[in-house]
S.K.: 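Take a look at the following structure, please.
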Amino acid sequence: MADKVKLVGFSGSLRKQSYNSQLLRECQRLLADVADVHIFDLGSLPFYNQDLDGNVPPVVMDLANQVRQADGVILVTPEYNYSYSGVMKNMLEWLSRQCTGAPLNDKPAAVMGATLGAFGTTRGQRHLRDVLFSIGVRAVGKPEVCVSFANQKFDANGRLTDQPTVDFMLQHLHQLVAMGRSS
Ligand SMILES: Cc1cc2nc3c(=O)[nH]c(=O)nc-3n(C[C@H](O)[C@H](O)[C@H](O)COP(=O)(O)O)c2cc1C
């Protein structure tokens, strides 16, 4: 059997009961046979400040090294005001800079998100995909994973109960794994 791929996962919500964080943990569970997914807490990153380009904080350099050594990343974001979340953007600023080695450049990425509303982060993901293109991330395309009405799709243990959503996720994630293996 092929070695497991190494992935770093990010949730764009810091909320304790976040559906997006639950979705990310479901990615980790669904991929358990083929990937090791390390979940990084975006709340631990300082705000990006260009004054720090010559003195990058250790927590940022540690993350940059993790991402450099990973075969891919998983980005799971809520939609905030028709865009993706600020903590996710903050991470992208840091990891797009030469001072961190720009480790996201050419990195495969899964992109998904969950909302309470009907549109399932479609607008937020559109913004996110534009930014990923600008920093050279190779984002998985279709099927897009846009989880609407998230409060109806997880059980009390954080398991996704909606089989069509699970099927889309698996198709999306297995493309990431294939890209990770060939990169
Ligand atoms: C600041 C803010 C802005 C939001 N904007 C949107 C939005 O534009 N579209 C949407 O569908 N939901 C929006 N929501 C609702 C989120 O979908 C909902 O809070 C969701 O649970 C957030 O994800 P989480 O459960 O991972 O924290 C917004 C929520 C917050 C707190």
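First listed ligand is number 1; within each ligand, the first listed atom is number 1.
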S.K.: Check S13 against ligand 1 and report side chain, backbone, both or neither, counting heavy atoms closer than 4.0 Å.
M.R.: side chain

S.K.: Give a yes or no answer on whether the side chain of W94 reaches the backbone of P46 with a donor-acceptor pair at less than 3.5 Å.
M.R.: yes

S.K.: Just which atoms of ligand 1 are under 4.0 Å from any heavy atom in Y82?
M.R.: 7 (C), 8 (O)

S.K.: Just checking F40: does its CZ atom have more than 12 heavy atoms from other residues, nucleotides or ligands closer to it than 6.0 angstrom?
M.R.: yes

S.K.: Could you tell me whether ligand 1 has any atom less than 4.0 Å away from a heavy atom of F119?
M.R.: no

S.K.: Are more than 12 heavy atoms, taken from residues, nucleotides or ligands other than R29, located less than 6.0 Å from that residue's CZ atom?
M.R.: yes

S.K.: Is the number of heavy atoms from other residues, nucleotides or ligands under 6.0 Å of Q17 CD greater than 12?
M.R.: no

S.K.: Where the side chain of K153 meets the backbone of S148, is there a donor-acceptor pair that is under 3.5 Å apart?
M.R.: yes

S.K.: Starting at CE of M91, measure out to CG of L45 and round the result to the nearest 0.5 Å.
M.R.: 8.0 Å

S.K.: Within the 4.0 Å heavy-atom shell around N20, which atoms of ligand 1 are there?
M.R.: 23 (O), 24 (P), 26 (O)

S.K.: What protein heavy atom lies closest to atom 22 (C) of ligand 1? Include the residue and the distance to one decimal.
M.R.: P78 CB, 3.8 Å

S.K.: Of the listed options (N151, V76, L116), which comes nearest to atom 21 (O) of ligand 1 when hydrogens are ignored and any heavy atom counts?
M.R.: L116

S.K.: Any idea which of E79, Q17, R15, K16 brings a heavy atom closest to atom 7 (C) of ligand 1?
M.R.: E79

S.K.: What residue and atom, counting heavy atoms only, is the protein's closest point to atom 2 (C) of ligand 1, and at what distance?
M.R.: Y80 CD2, 3.6 Å

S.K.: Determine whether any heavy atom of R123 lies closer than 4.0 Å to an atom of ligand 1.
M.R.: yes

S.K.: Looking only at protein heavy atoms, which one is nearest to atom 5 (N) of ligand 1, and how far off is it?
M.R.: N81 N, 2.8 Å

S.K.: Cut-off 3.5 Å, side chains only: do Q163 and D167 have a donor facing an acceptor?
M.R.: yes

